[in-house]
Amino acid sequence: MPLITHARDHRLWVLTAAESCYVLHVGDDDLLHGLHWGPALTLEQAITLLDYPPPRPRSCEDPRDGILDLGAAGGARYGHAGLQVRFPDGTRDLELRFTGHQISDESLILTFEDSHYPLAVETHYRVRADSPAVERHLTIRHTGTDLPIRITRADSATWILPARTDYRLSHNYGQWAAENQIQRSVLAFGATVLGSNRGMTSHHANPWALIDDGSASEEHGAVYGAALAWSGNWQIVVQRLPSDRVSLSLGAGHAPESRLLEPGDELTTPVSVGMYTEGGFGAASRAWHDYIRAHVIPHPDELRPVLYNSWEATEFDVSLKAQMTLADRAAAIGVELFLLDDGWFGRRIDDTAGLGDWTPNLERFPDGLAPLLEHVHGLGMKFGLWVEPEMTNPNSDLYRAHPDWIIARPHRDRTRIREQYVLNLARRDVAEWVRATIDNLLRENAIDFLKWDMNRPLTEVGPLDGSTDDGLWSAYVENLYAILDRLRADHPALRIECCSSGGGRVDLGMLARTDQVWISDNTDAVDRLTIQHGYSQLYPAQTMGAWVTGSPNPWTARSTPLDFRFHVAAAGALGIGVDLAACSDAELGRLGELIARYKSVRHVIQHGVQYRLGESNAVQYSALDGTEIVVLAFQQSRSFGRADAALPLRALDPQAGYRQVSTGREHHGAVLLTRGLPLDLPAGEQASTLIHLRRVGIIPPNEEEANPWHASAQ
Ligand code: GLA
């Protein structure tokens, strides 16, 4: 069956995406309506939606509430307008006329032109058979020859949800070292605005939103979700009208940012992805994980290596000798990638100097990076290096030579954050310098992996090219993307970790260009459970960098057992950040055992299907073919007299048996699904475990044993 079908006479299109669909209709007034988003409908069924009467006007109220798939400002449309312009004569109203469509296997383009002014708008949609995801963006073109047109808002997509009274909105908020905190509340009347005006995605909100039917749990209920693939300013407007009509509009830019579209120019917005799923928040997350793995991240089938990062061990106190000692110990416990963090270049002995001077600090590395690199490679590990290419310190050779290269305004202070300025990547020459400098670093040194950091937001952003166009914000991101794309193309073996003081720039745009994310500077295992739980709502485990660090934790001073810290970090792409030089032989021995254990199951964790079991208390990963299961479970505290509960698992074959690899004990699938997996947690606070199960085929039916109620009476 084709993914996109069309009823010409009705000006109606059905986009079918794995078990769901999105229906579009152009009315007689040429307005583009989102007629249906939800369970799949055939074209014939979708056409009957046109028989449903539009809302009836009541006395003075105009029924045209402006809830449109292409929400162009104008007329009596008072709701959030996803497309807003200002023509040279000051007119703000758009009157778009439908001019045609193009359909291919997976994509649909609808085209519109203004009835008077030289502006053409295209709405682009893409669906695929393997995912409920619908990808969308807009293209806006100045078709005239005269004056520029100002674009004041160009959302990538406005998703229309069916009217309901009981929606809830879920999204993540946070701050530095406390990213990904989930907020779930009844969808408010009016407009709920999420976004960032920091020039980066930000720690404070993440560019996605989920809207559920009001009753969804982890396992049940319908969930609508949408995300924006953009790493600069962004805005999501969730609108609920008094009539309970709801729209979800996502776009780059944040008021009062606007763009000048010159005659002949075209503006293409970033992609927004939307999904309708059933089966609760768990199924929604799994659909997002699948989509991101299949269509966003590079190298989804590669296993992420076990990384050692020296930052928490040494901070800025970096020396060749100490790094070599750490590397020796890292290799001995099974680390596969050794990463030298900040403090290796220029006069970078603290955070006040050196950014921009990307040559080794010769007091610390008299012969450059080669001796450390060779040592690390000689130990059989890959070599990774920290860089923060978008920045400069006032105390740097780069800034002294090019004080005009930073983002600044002539009569304004130059705001310093973490003692640094942001290079103006919107300038071609500056962007090219950044690319060439990192390219050079990669050509001169056999670097396998970069941790690409960005430790401050933009300030004093001014117009691009001396005009009144605010395009600097978006040009910054576009040029950053171009640099990363080119570096990846020129160095195909290079892998990149995305970092922005932890999780300050996590989004589908960066995930398309990097291999994993340092999701938070907070390495406290207890805090991390919440941060990782929030991250997993959209993003898959294989992209989630997580380190085992020292105890007490340097940020929170909380003490936690090594195994607990390890099991928390094992939930994603494992890293070690403990000061290995200060570890006892017993600790090193235990770390070695645990890393070996992780390696034996990481293919399931990184490439499997993830089920969250309980509020961040346990996670299950199932191999795609169902033959292996890995469970990570955490018990933070216990009350006297209460036995630890068994943990019911998900999506097993009830007829099959599952053997616990470490003990050989066999379990019935049916019992694991109902009564649960006995966790046999160690005594004490912050107890945790990693359990690996292998499916061992069908266990012969045995009524007594397979009956969980019977088992519970024993
Ligand atoms: C940021 C990163 C840290 C570390 C430091 C180095 O804060 O998030 O992991 O790399 O920079 O300065």
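Every number for a ligand or one of its atoms is a count from 1 in the order of the listing.
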Taking the six-membered ring of Phe281 as reference, does the cationic atom of Arg184 (NZ for Lys, CZ for Arg) lie under 6.0 Å from its centre and within 45° of its axis? yes
Short side-chain to backbone donor-acceptor contact, Arg304 and Asp515, under 3.5 Å: yes
Quick check on the 6.0 Å ring-centre criterion: do Trp433 and Trp405 meet it? yes
Using the ring centroid of each side chain, check whether Trp344 and Phe316 are separated by less than 6.0 Å. no
Residues with a heavy atom under 4.0 Å from ligand 1, by chain and number, are Trp311, Asp341, Asp342, Trp386, Arg418, Lys451, Asp453, Asn455, Cys499, Ser501, Gly502, Trp518, Asp521
Is the terminal nitrogen or CZ of Arg513 (NZ for Lys, CZ for Arg) located under 6.0 angstrom from the six-membered ring centre of Trp230 and within 45° of that ring's axis? no
Spell out, as yes or no, whether a donor-acceptor pair under 3.5 Å connects the side chain of Arg612 to the backbone of Ser536. yes
